[in-house]
Engineer: 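Take this structure first; my questions come after.
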2 protein chains.
Amino acid sequence: MAANSRLTVAAHALAWMALVRRNSDEYVTSERIAASVNTNPVVIRRAIGRLRDAGIVEVQRGAGAGCRLARPPESITLREVYDAVADEPLFGFHARRPNQGCPVGRGIQPALAKVYDGVDAAVRAELARTTIADLLIDVLASAWRSTVAEPASDPA
Amino acid sequence: MAANSRLTVAAHALAWMALVRRNSDEYVTSERIAASVNTNPVVIRRAIGRLRDAGIVEVQRGAGAGCRLARPPESITLREVYDAVADEPLFGFHARRPNQGCPVGRGIQPALAKVYDGVDAAVRAELARTTIADLLIDVLASAWRSTVAEPASDPA
DNA sequence: CTAGGGTGTAATCTGTTTAGTTACATCAGG
DNA sequence: CCTGATGTAACTAAACAGATTACACCCTAG
């Protein structure tokens, strides 16, 4: 597992909510989402909390509580989701400060920062091309194909 | 520190070798590079090993041994370096397999894989825009600026 | 042809991070 | 109120990266 599965979990939860939303506008519980993602409800709640702060989902407390998309899935891009759940940059700098007595040690971080900023912008632009609605369509298509192929695939 | 400082360390080492190369074509030891990066020589050797396998640097063993760029720095892009040193994808999937009884659980990974492939291509295209020669120029410019500003900055 | 400085790499230690889990305070609807 | 859910703190466990030690191996200078 790579360091960050947070975007995956958040996208999974949102796709789930988008699917539910097609049938009703009810709130869905963290427990049900966790059952689909196959993790603990608290992990889902942590992700939901960030998505709530970003205005992507609405949370209802009290009895009959749960969570649902705050907006149509067509208006939610993976870039927004990424910004909501990611807190570490893709590439990190030195674990220990490089030698400041060396020109390379002194100039490397500013120089790389520019490159990494460009990479970050490219990543976010690419993620902006996919909405939760797009994702749900692709998810259902993939699930359908795997259902058809299932008899031939391993049952694990 | 974010998960991956490997690209940073490799770029630092290559910038150093590019700088040395401007004055002579001698081999430089992992110990000297480590002193600039401020880490252990073994960490540098591990990075060098991958760069050697990728044909980016040449390593000479025996007495007076060390390592140098195998090609002009203008011909080495950060994309090559990234490909040489990275082994984990940027985004990971679920830690535990999602619920295969749920359409979303079954279709989410193939759907996200397409998105993540696109992101990976975008990252590498962005990194391809910078060569080690470009980086060195920027490193030296940044080091120069920080030298001028040094009297006002903290001496830590 | 040997002495010595360097690479290559395995093994281990340590610190950090993240997912997983438990526990519990809090919040509304019925 | 009671109930079923969220919000969050606290802790555990596992994975991972970097740091370090140790040592086999290599090659060139002398």
Side-chain angles (χ1 to χ4, degrees), chain A residues 1-10 12-13 17 20 26-35 37-54 57-68 70 85-99, chain B residues 1-10 12-13 17 26-54 57-68 70 85-99:
Chain A
M1 158 184 72
N4 259 354
S5 68
R6 289 227 278 268
L7 181 57
T8 294
V9 169
H12 187 148
M17 288 185 250
V20 167
E26 280 177 15
Y27 291 97
V28 74
T29 68
S30 63
E31 191 170 356
R32 295 197 57 162
I33 299 175
V37 175
N38 189 20
T39 185
N40 194 289
V42 174
V43 174
I44 301 299
R45 280 183 227 146
R46 284 199 274 246
I48 296 287
R50 286 165 176 265
L51 297 173
R52 165 174 41 77
D53 293 345
V57 303
E58 291 171 344
V59 174
Q60 179 67 35
R61 300 195 60 171
C67 142
R68 69 181 176 192
V85 301
D87 44 17
E88 290 275 327
L90 257 11
F91 300 120
F93 287 120
H94 308 65
R96 284 141 80 163
R97 197 179 196 212
N99 184 346
Chain B
M1 157 186 73
N4 259 355
S5 67
R6 288 227 277 268
L7 181 57
T8 293
V9 170
H12 187 149
M17 287 185 251
E26 280 179 15
Y27 292 95
V28 75
T29 69
S30 63
E31 191 169 357
R32 293 197 57 163
I33 299 175
S36 173
V37 175
N38 187 20
T39 184
N40 194 289
V42 174
V43 173
I44 300 299
R45 280 184 226 144
R46 283 200 275 248
I48 296 287
R50 286 165 176 265
L51 297 172
R52 165 176 41 76
D53 293 344
V57 303
E58 293 171 346
V59 173
Q60 178 68 33
R61 302 191 59 170
C67 139
R68 68 179 177 194
V85 301
D87 46 15
E88 290 275 325
L90 258 10
F91 300 117
F93 287 120
H94 307 65
R96 285 142 77 164
R97 196 179 198 214
N99 185 346

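Numbers restart at 1 for each chain; the letters A, B, ... are given by sequence-line order, proteins then strands.
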Engineer: Between C1' on D/dA19 and CZ on A/Arg97, what's the gap in Å once rounded to a whole number?
Structural biologist: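 Atom CZ in A/Arg97 sits about 20 Å away from atom C1' in D/dA19.
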Engineer: Which nucleotide wins on minimum distance to the side chain of A/Arg96, given the candidates D/dA19, D/dT8, C/dT7?
Structural biologist: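 My answer, after comparing the listed nucleotides, is D/dA19.
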Engineer: If I take atom CG in residue A/Leu90 and atom P in nucleotide C/dT17, what distance separates them, rounded to the nearest angstrom?
Structural biologist: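 In whole Å, C/dT17 P and A/Leu90 CG are 16 Å from each other.
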Engineer: Taking CD from B/Glu31 and P from C/dG4, how many angstroms apart are they, rounded to a whole number?
Structural biologist: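 In whole Å, C/dG4 P lies 17 Å from B/Glu31 CD.
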Engineer: More 5' along DNA chain D: A/Arg61 or B/Asn38, using each one's nearest nucleotide?
Structural biologist: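 The residue mapped nearer the 5' terminus is A/Arg61.
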Engineer: If you find the nucleotide of DNA chain D closest to B/Ala63 and the one closest to A/Arg46, which residue's nucleotide is nearer the 5' end?
Structural biologist: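 Final value for this comparison: A/Arg46.
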Engineer: With a cut-off of less than 4.0 Å, is there a side-chain N or O of B/Thr39 near OP1 or OP2 of D/dG18?
Structural biologist: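 No.
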Engineer: Report the residue (B/Gly62 or A/Gly62) whose heavy-atom-nearest nucleotide on DNA chain C is the more 5′ of the two.
Structural biologist: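 Closest to the 5' end, via its nearest nucleotide, is B/Gly62.
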Engineer: Separation of A/His94 atom NE2 from C/dT16 atom P, in whole Å?
Structural biologist: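 About 19 Å, once rounded to whole Å.
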Engineer: Between D/dG18, C/dG6, C/dT18, which one does the side chain of A/Glu88 approach most closely?
Structural biologist: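 Looking only at side-chain atoms, A/Glu88 lies closest to C/dT18.
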Engineer: Select one nucleotide: of D/dG7, C/dT21, D/dT20, the one nearest the side-chain heavy atoms of A/Asn40.
Structural biologist: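 Of the candidates, C/dT21 comes closest.
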Engineer: Nearest to the side chain of B/Ser5, heavy atoms from C-beta on, is which of C/dG20, D/dA5, D/dG18?
Structural biologist: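 Nucleotide nearest to B/Ser5's side chain: D/dG18.
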Engineer: Could you tell me the separation between the CD atom of A/Glu26 and the P atom of C/dG29, rounded to a whole number of Å?
Structural biologist: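 It works out to 15 Å between those atoms.
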Engineer: Strictly below 4.0 Å, heavy-atom distances to any atom of DNA chain C: list the hits from residues 47-54 of chain A, or just say none.
Structural biologist: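 Under 4.0 Å from DNA chain C: no residue of residues 47-54 of chain A.
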Engineer: Give a yes or no on whether the backbone of A/Gly92 and the side-chain of B/Thr8 come within a donor-acceptor separation of less than 3.5 Å.
Structural biologist: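 Yes, B/Thr8 side chain to A/Gly92 backbone: donor-acceptor pair under 3.5 Å.
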Engineer: Just how far, in rounded Å, is P of C/dA10 from CZ of B/Arg45?
Structural biologist: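 B/Arg45 atom CZ is separated from C/dA10 atom P by 13 Å.
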Engineer: Between A/Val28 and A/Met17, is there a side-chain heavy-atom distance shorter than 4.5 Å?
Structural biologist: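 The answer is yes, as the side chains (C-beta and beyond) meet within the 4.5 Å cut-off.
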Engineer: Starting at atom CZ of B/Arg68, determine the distance to atom C1' of C/dT7, rounded to an integer number of angstrom.
Structural biologist: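 Those two atoms, CZ and C1', are 16 Å apart.
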Engineer: Which nucleotide in the set C/dG29, C/dT7, D/dA17 lies at the smallest distance from any side-chain heavy atom of B/Arg6?
Structural biologist: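 Among the listed nucleotides, the one closest to the side chain of B/Arg6 is D/dA17.
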Engineer: So which nucleotide from D/dT6, C/dT7, C/dG20 ends up closest to the side chain of A/Thr29?
Structural biologist: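 My answer, after comparing the listed nucleotides, is D/dT6.
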Engineer: Any non-hydrogen side-chain atom of A/His12 less than 4.5 Å from a side-chain atom of B/His94?
Structural biologist: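 In contact.
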Engineer: Would you say B/Val9 and B/Thr39 make side-chain contact, with heavy atoms under 4.5 Å?
Structural biologist: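 Heavy-atom side-chain distance check fails, nothing below 4.5 Å.
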Engineer: Is the backbone N or O of A/Arg97 less than 3.5 Å from a side-chain atom of B/Asn38, with the two atoms forming a donor-acceptor pair by type?
Structural biologist: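 Looks like yes, one N/O pair under 3.5 Å.
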Engineer: Check whether any side-chain heavy atom of A/Val59 lies under 4.5 Å from a side-chain heavy atom of A/Ile48, and answer yes or no.
Structural biologist: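 Yes; the side chains approach each other to less than 4.5 Å.
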Engineer: When you compare the side chain of B/Pro98 with that of A/Val37, does any pair of heavy atoms fall below 4.5 Å?
Structural biologist: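 Counting from C-beta outward, A/Val37 and B/Pro98 never come under 4.5 Å.
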Engineer: Hey, is the main chain of A/Arg6 close enough, under 3.5 Å, to the side chain of A/Asn4 for a donor-acceptor pair?
Structural biologist: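 No; judged by distance alone, with no hydrogens or angles, the pair does not exist.
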Engineer: Starting from C1' on D/dT28, measure out to OH on B/Tyr27 and report it in whole angstrom.
Structural biologist: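 Answer to the nearest Å: 12 Å.
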Engineer: Closer than 4.0 Å, any side-chain N/O of B/Gln60 to the OP1 or OP2 of D/dT28?
Structural biologist: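 For D/dT28, OP1 or OP2 has a side-chain N or O of B/Gln60 closer than 4.0 Å.
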